[in-house]
Every structure is written in C-alpha cells, then in structure tokens.
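Some notes on the structure that comes next.
So that the names make sense, note that chain A is the first sequence line, chain B the second, and so on, each numbered from 1. If you're wondering where the values come from, they're calculated on a predicted model, not measured in any experiment.
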Protein chains: 2
Amino acid sequence: MAATETLTAERILEATEEVLRRYGPAKATVVDVARVLGVSHGSVYRHFRTKAALREAVTERWLERTVVELRPYAEEPGPAAERLTGWLTALFGLKRHKAGGDPELMATFQVLIGENSAVVDRHVDHLVGQIARIVEDGHREGVFAAPERDFATTARAVFDATDRFHDPAHAGDWSAPDIGDAFAAVVSLVQRALRP
Amino acid sequence: MAATETLTAERILEATEEVLRRYGPAKATVVDVARVLGVSHGSVYRHFRTKAALREAVTERWLERTVVELRPYAEEPGPAAERLTGWLTALFGLKRHKAGGDPELMATFQVLIGENSAVVDRHVDHLVGQIARIVEDGHREGVFAAPERDFATTARAVFDATDRFHDPAHAGDWSAPDIGDAFAAVVSLVQRALRP
DNA sequence: GGAATGACAAATATTGAAATCTGTCATCGG
DNA sequence: CCGATGACAGATTTCAATATTTGTCATTCC
C-alpha cells in the first residue's frame with residue numbers, strides 16, 4: 001500500500017504500531033512490518049539496526065504521546081494544589097481509559113515497557129519534572145511547604161506514592177469498583193503531605 | 001523418606017514447598033510432591049481436592065509467615081509515628097531481603113501470588129489492619145490527625161502509597177542503588193500527611 | 001472401616017523436525 | 001551513486017506426535 005511514497009522512519013514506525021496492534025508483541029515480526037509497507041524486510045533494516053531498536057522507537061513514541069496529553073494539565077493556570085490533583089487525575093484517567101478500552105493493546109504496551117526500561121526511566125524523569133514544576137509553583141504561591149530535601153525528591157515521592165494508579169503493572173486492578181476511592185484517598189494523603 | 005509417619009496436610013505442604021523451591025512453579029507437579037513423600041499421588045488428592053487448592057494453601061502459609069514476622073513491629077511500644085516508620089521499614093526490609101537473597105524463590109512466590117488473588121486480598125486486609133491500628137493509636141496520642149474518612153481508608157492509602165516498596169511486582173526495582181532514598185522520601189511524605 | 005493404591009481418561013506439557021524470522025551483504029536498478 | 005532487493009546462515013518459532021500430569025475411583029491392605 002502506497003509503495004510509491006518514500007520509505008521513512010516515520011512510516012516504518014506507523015506500520016510497526018499497526019502490526020503490534022494486530023498481532024501482539026509475540027507475533028509481530030519485521031517481515032510483517034515490511035509486508036504492510038510493501039517493501040522487503042532488508043529495507044526496514046536500513047532505518048533501524050535491529051528489531052529491538054525498532055520496538056524501542058515505538059515505545060518512545062508511545063510514551064511521548066502520554067507526556068504531550070498531560071502537558072496541558074501540568075501547565076494549566078490556577079492554584080497549584082488543584083493543578084496537582086488535576087494532573088494526577090488526568091494521568092490516572094488516561095491510563096485507566098486506555099487499559100479499559102483496549103486491554104490487549106495495554107498488554108502489548110506493557111511488554112514493550114518491560115523490554116525498554118531505559119526509555120521508560122527517561123519518560124518517568126519527564127513526568128516527575130512536570131510534578132516538580134507544579135510543586136515548585138505551589139511553594140512560591142505559599143500553598144505547599146518547602147520540600148524536605150529538594151523539589152525533585154518530593155516530586156519523585158509523589159510519583160512513587162501514586163504508583164499504583166499509573167504503573168501498567170497494576171493495570172489489572174484499575175477495573176476494581178473501589179479503585180476511585182483508593183485513588184482519592186492517596187491523592188488526599190499527598191495533598192496533606194504537601195501542605196505547609 | 002520417613003514413609004512410616006502418617007501423611008498429614010502439614011507434611012504435604014512442606015513437601016510442596018520443597019518441590020516448588022527445587023523445580024519452580026512451572027515444573028512442580030503433584031507427582032513430584034508424592035515422590036518426595038514416598039506415597040502415590042492419589043494420596044495427596046485425599047488431602048487437597050486439586051493442585052490449585054494445594055498451591056493456594058502453600059501461598060496462604062507463606063503470606064501468614066510475613067504477617068507473623070511483622071506483628072512485633074505493629075505491636076511494639078513507643079510513639080505511633082516511629083512505630084509506623086518501623087513497620088513500613090520492616091516490611092520493605094523483609095521483602096527486599098527475600099527478593100535479594102533468593103530471586104528465583106521470589107519469582108516462584110510471585111507466580112503463586114498471581115494465581116491466588118483472593119488469598120492475597122485477605123492478606124492485604126490483614127496488613128492494612130496492622131497499619132490502621134498504629135494510625136488509630138497515633139490519633140489517640142495526638143501525634144496523627146483525625147482521618148479524612150476513617151482509619152481503614154487512611155491505612156489503605158498508606159499501604160497503597162508505599163506499594164512500590166512491598167508489592168512483589170516491583171521486586172526488580174529493589175536492587176536499584178537509590179531505592180533507599182526513594183523509600184525514605186515516600187515514608188517522609190506519609191508522615192507529613194498524617195501529622196495533625 | 002478408612003487410608004492408600006494404581007489403572008485410567010482427559011487435559012497439559014515436552015520434544016524435535018520443519019518452517020519462519022533476524023540480520024548481513026553482494027548485487028541490482030533508477 | 002544510493003536506496004532497495006532477495007538469497008543466505010544462524011537463531012528462533014511453530015506444530016504435531018509423544019509423553020506426562022491431573023483428577024477419579026474401584027480395589028487393596030492394614
């Protein structure tokens with residue numbers, strides 16, 4: 001399909017995502033990707049050195065999309081406490097929506113996550129940075145206390161404390177009926193912790 | 001070996017643990033357990049209706065042992081804030097020690113955990129109960145604020161917030177060099193949240 | 001009488017031969 | 001010249017035949 005267009009890394013990544021969606025992480029092959037693009041698999045290897053590198057790039061794209069979807073919540077105007085709750089709720093909502101809407105895709109994603117921990121670490125740093133910014137603003141506004149150590153550590157603690165509500169490893173729990181209450185309780189705990 | 005002793009559920013459970021340790025969850029069979037005990041596998045089925053029931057019983061025993069090891073920390077005398085930190089540190093320490101000391105056994109345990117979520121849920125309720133007791137004592141002492149909703153909810157939030165440091169799903173992270181700092185930061189966050 | 005046995009059917013796991021996939025590279029074609 | 005190709009070797013996966021395991025139960029043994 002569309003074999004006339006030039007073969008770019010971008011097009012290969014799109015095809016790879018499609019193949020991963022359709023066949024899952026175990027069955028998706030480079031040959032499949034090449035077939036979708038109507039090229040030989042050798043051509044794919046011109047753009048990505050290995051299958052692992054290809055999957056890593058897909059993982060990166062996927063995670064980057066989450067960061068972009070969250071940015072508005074990180075940067076919206078208003079009191080820091082509400083921004084933090086909004087951001088955490090948005091993160092949980094995004095994840096839960098994705099996990100609930102397409103559990104197979106989530107499972108695929110989870111496998112990729114597991115294969116690319118370095119990429120995930122960078123992504124987590126990115127998200128923690130967004131929290132740090134909100135916490136720092138809150139401190140300037142006087143609604144959050146000074147951090148025990150520094151903003152990065154506090155932000156990291158907030159991220160870790162809410163782990164159960166964003167780590168895909170816990171995706172199975174997100175359909176429990178009382179998960180909303182549990183989330184609210186932890187957010188409330190975090191908010192109390194940050195108060196001056 | 002010791003085929004003269006009467007066959008009890010207890011002896012079967014011990015043999016099952018040994019087989020699980022030796023062969024792992026995928027390869028451990030009821031026939032192996034019977035062989036260790038020097039009996040026919042039919043005899044094992046007299047005490048446990050299914051292989052699943054046998055594994056569930058092993059899981060229960062295993063978890064119960066954790067609760068017992070933690071009880072001293074839950075019941076020790078002293079200020080509630082220190083008891084809470086002590087309890088959380090003990091839980092993390094126990095888990096980390098087990099995961100670090102015998103990663104294969106931990107992996108086996110994790111599989112059993114996944115197979116027996118009902119047993120795990122009961123175990124978690126038990127642990128949350130220990131936290132609730134400490135938090136309630138703290139409130140009586142005046143060192144912890146009144147809970148937003150009730151002690152059980154607050155205790156659950158504390159348990160959830162520290163999830164990353166006791167859930168076996170995260171065992172792989174526990175050997176990271178800065179895990180101790182991350183743990184301390186979350187405990188500090190929790191302590192601040194509970195202050196009046 | 002009641003615990004233990006072992007033969008058995010159905011379900012599950014193992015195995016190894018055949019097929020497919022990954023990654024390379026000499027060659028092709030525009 | 002430069003991206004694309006497809007044949008190829010070695011690694012990995014699939015698939016179907018074979019073996020093992022699970023769970024039952026009529027029979028045995030103390």
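Considering all non-hydrogen atoms of both residues, Y73(A) and G86(A) come closest at CD2-O, 4.0 Å. Residues H139(B) and F151(B) approach most closely at ND1-CZ, 3.5 Å, considering heavy atoms. Residues W87(A) and I134(A) share a closest heavy-atom pair of CB-CD1, 3.9 Å.
Following rounding to the nearest Å, K27(A) (NZ) and dT12(D) (C1') show an atom-to-atom distance of 14 Å. The CG atom of L37(B) sits 13 Å away from the C1' atom of dA4(C) (whole-angstrom rounding). Protein atom NZ of K51(A) is 12 Å distant from nucleotide atom C1' of dA11(D), rounded to whole Å. Remark: C1' of dT5(C) and OH of Y45(B) are 15 Å apart, rounded to the nearest angstrom. Whole-Å rounding puts the D32(A) CG to dC21(C) P distance at 6 Å. Rounding to whole angstrom units, CZ of residue R55(B) and P of dT21(D) are separated by 13 Å. Atoms CG (L54(A)) and P (dC21(C)) sit 15 Å apart, rounded to a whole Å. Across the protein-nucleic acid pair, Y23(B) atom OH and dA13(C) atom C1' stand 16 Å apart, rounded to whole Å.
Taking every side-chain heavy atom of T29(B) into account, dT21(D) is the closest of dG23(C), dT21(D), dT5(D). The nucleotide whose nearest atom lies closest to any side-chain atom of R46(A) is, among dC8(D), dG6(C), dA4(D), dA4(D). Closest to the side chain of V39(B), from the set dT5(C), dG23(D), dT21(D), is dT5(C). Side-chain proximity of S43(B) to dA4(C), dT22(C), dT22(D): nearest is dA4(C).
Among the heavy atoms of the strands lying under 4.0 Å from V30(A) are primed sugar atoms or P, OP1, OP2 only; no base atom is included.
Ring-plane geometry between F92(B) and F165(B) is classed as perpendicular, the angle between the planes exceeding 60 degrees on a 0 to 90 degree scale with a lower cut at 30.
Residues H47(A) and A28(B) both approach DNA chain D. Their nearest nucleotides, taken by heavy-atom distance, put H47(A) toward the 5′ side. Between H41(B) and L7(B), it is L7(B) whose nearest contact on DNA chain C lies nearer the 5' terminus.
Between atom CG of residue L194(B) and atom CG of residue L189(A) there is a gap of 6.0 Å, rounded to the nearest 0.5 Å.
When the side-chain nitrogen and oxygen atoms of S40(B) are compared with OP1 and OP2 of dA4(C), none of them lie within a distance under 4.0 Å.
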